[in-house]
Amino acid sequence: MKPMRIFAVARKEFLHIFRDPRSLAMAIAIPMLLLVLFGYALTLDVDDVPIAVWDRDATPASRDFISRFSASPYFTIVRHVDGYEKARHCIDSGEALAFLVIPEDFSETASTGQEIPVQFIVDGSDSNTATIAMGYADTVAATWSRRVMMELEQRLAGKSSSLPVDMRPRVWFNPDMESKNYIIPGLIAVIMMVIAALLTSLTVAREWERGTMEQLISTPVKGPELILGKFLPYFVIGMFDVFLAVLMGEYMFHVPLRGSAALLFFMAAIFLAGALSVGMLISIVTKSQLLASQLAMVVTFLPSFLLSGFMYAIANMPRPIQVMTHLVPARYFVALLKGIYLKGIGLEILFVEAGLLAVFGIVVVLLANVKFKKKLV
Amino acid sequence: MTVTDTKHAVTVRDLTRRFGSFTAVDRVSFDVSPGEIFGFLGPNGAGKSTTIRMLCGILAPTSGAGSVAGFDIMTQSEKIKAHIGYMSQKFSLYEDLTVEENIDFYSGIYRIPREKKKERKEWVIEMAGLASHRDARTAILSGGWKQRLALGCAILHEPPVIFLDEPTSGVDPMSRRKFWDLIYELTGKGVTVFVTTHYMDEAEYCDRIGLVYRGELIALGTPEELKNEHMKEDVLEVACDRPQDAMEAVEKVQGVKEAALFGRGLHVVADDAGKTVGALRSFLEMEGYLPTRVEGITPSLEDVFVSLIEARDRAQQPQKEVAG
Ligand SMILES: Nc1ncnc2c1ncn2[C@@H]1O[C@H](COP(=O)(O)OP(=O)(O)O)[C@@H](O)[C@H]1O
Ligand SMILES: [Mg+2]
């Protein structure tokens, strides 16, 4: 390996990228655009669910119950109605997503300590949001009921009592239960995997298609020199993308980075080396830009999206699929990024993932070098 | 068998390349001496590029042996690559890079030492006449400029053997002339040039020529040797009316072997020019072709090649009929 040749190839490749606005857009604008789009689209939090209320009881007790909803951050009461027809209209027009009906005998039943059938009607056309809104409503109602029960018991027994089990859930690592906090780190991993492979998927194939490779393979340049030289500029761009993505996570999505930024970039470097080499390998094998870019997209996007644990927890997958996820490099990077971002943990815990990522990178780099031949046909 | 020949710049024995069942280069053998301009001449698809690629180490031969610049073509292709310059048939520099950037790239690839780098770069720019275009993107250059720049980049490291695959195709006549001047300049310094072409006139500029046809080398020698030895018949030049019709008609004349259109007239191959001139002229006059000129000439290389190729086709015809 001669540094002079590697440098010559790297410089030339840099010039290609900077001369071509499309490749620049692909290298920098597209990943950031994807991060913004997916970042907002995939954030699963549901807050401020607009609801309509029909208070058929209209007593202090029913008003107190309703006030629990308006005080909760999860709901906003957009309208008080009287009748199902009007409520239905609210939901059809999209003004409200759910409808709360307080029965006429609400306060009466409450004072006896019996079960009160409160109706909560949800627009199920977005089942995800509906499920989450129902969960919130349950929580609000349960908290209210518990308090009422305790007051009732106190009055009856004349002494204070407590429930046998007082469960106080506390969420660690993501205390606000904000989905963006785990979506964004995973998203960075998935986007970088796809973009890195796409970037390099064109580089060798382009030279075969344009005929410049025929000239190049007639020179004493060695395969590894050519591959490393081509790799370097994309590596720099990839690291710059990671840097931008981390900045956007911090200032746009307000995802707190609890762990070490240095560790994050170090892991990103290992991951990028593997991901860029995947694209390079595809480019070397196919010798066609179109085929290479399509193949790069297919082999990186779906597995990274579905099997990396970024959206769907690997533990919940069927056993054979779980085994398959081990072949998806993004899986390790997602685990690393989530670990560093959310838990602030370091290499002492993440070394398995880091090691497997490195092994993946080394295997792909070796394969790319073996597959590159300085011969036609 | 390995052939490592240091007396010759290029040596090839029974070089063969098959693509599937198709034989693109068939048992080709020849030698090229140092400092020689060796022309490889043949129609499209004859196997010129395939041969040159095998010699440059970028295409594996199916069988045969040979050496280039003293290195074995079967086992030392990477060594060969350090000692040759290759200019492929298709323009293969980077069109989005400037003239200087392309030169700098290849200087890096050939590891031209720092102290020589500048001098070599200036030499290429001057040789290609690109002094006022050094910062221009290669894409905007004319064919002649591109081709001279490509040559410059291929010989930055001053290789002793240069392979040029149809370097002048699609280039204007002035630029072709200039390009050949460059080739002479290089051979003047002892460089060996292996050049393929399908231009007959360019073949005349070569020291020696190999004629390839359908993968086989069918003739080898200096232009003079080919004209004198391979052409046993004589050639008559005919200027007349309606040469197309005349071409078919004259084949009936006693002593005429074949006729081909040549320029605006005909070239007629005959066993003996002296005996045929009279008969041919009176035949043309009688048939109303109004001949203005009928005379024996020294055959051109094209005559030689046409005659060799036709002889080849005639020889293979009966075999095919038997086989088919
Ligand atoms: N890679 C290849 N695969 C299959 N056939 C090929 C390949 N390269 C060349 N050929 C065939 O070999 C023959 C000789 O080609 P080539 O050497 O390029 O001819 P020339 O340079 O004399 O025009 C042609 O018929 C061509 O189609
Ligand atoms: Mg050719």
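Labels below follow one simple rule: chain letters A, B, ... track the order of the sequence lines, proteins then strands, and each chain is numbered from 1.
For Ile80(B), no part lies near chain A; criterion is any non-hydrogen pair under 4.5 Å. Heavy atoms closer than 4.5 Å to chain B are found nowhere in Leu226(A), neither backbone nor side chain. In this structure, the portion of Ile112(B) lying under 4.5 Å from any heavy atom of chain A is its backbone and not its side chain.
Ring planes of Phe30(B) and Phe38(B): parallel class, angle under 30° (limits at 30 and 60°).
Of all non-hydrogen atoms in Ser201(A) and Ser283(A), the two that sit nearest each other are O-OG, 2.7 Å. Scanning all heavy atoms of the two residues, the minimum distance from Val195(B) to Cys206(B) falls at CG1-SG, 4.2 Å. Considering all non-hydrogen atoms of both residues, Leu186(B) and Leu151(B) come closest at CD1-CD2, 4.5 Å.
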Extract the chain A to chain B donor-acceptor pairs under 3.5 Å, no hydrogen or angle test applied.
unit_1	atom_1	unit_2	atom_2	d
Arg5(A)	NE	Ile109(B)	O	2.7
His16(A)	ND1	Asp96(B)	OD1	3.2
His16(A)	ND1	Asp96(B)	OD2	2.6
Arg19(A)	NH1	Asp96(B)	O	2.8
Arg19(A)	NH1	Glu101(B)	OE1	2.9
Arg19(A)	NH2	Glu101(B)	OE1	3.3
Arg19(A)	NH2	Glu101(B)	OE2	2.8
Glu207(A)	OE1	Tyr94(B)	OH	2.6
Glu207(A)	OE2	Tyr94(B)	OH	3.4
Arg210(A)	O	Lys90(B)	NZ	2.8
Glu214(A)	OE1	Arg53(B)	NH2	3.1
Glu214(A)	OE2	Arg53(B)	NE	2.9
Glu214(A)	OE2	Arg53(B)	NH2	3.4
Glu214(A)	OE2	Tyr86(B)	OH	2.4
Gln215(A)	OE1	Ser92(B)	OG	2.9
Gln215(A)	NE2	Tyr86(B)	O	2.4
Ile217(A)	O	Lys81(B)	NZ	3.0
Lys374(A)	O	Lys81(B)	NZ	3.1
Lys374(A)	NZ	Glu78(B)	OE1	2.7
Lys375(A)	NZ	Gly57(B)	O	2.9
Lys375(A)	NZ	Ser77(B)	OG	3.2
Leu376(A)	N	Ile58(B)	O	2.6

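No side-chain donor-acceptor contact under 3.5 Å links Ser277(A) to the backbone of Val364(A).
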Check residues 231-251 of chain A and write down every donor-acceptor pair under 3.5 Å in which the side-chain atom is one partner and the other belongs to a residue at least two apart or another chain.
none

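Counting non-hydrogen atoms of other residues, nucleotides and ligands closer than 6.0 Å to CZ of Phe265(A) gives a total above 12.
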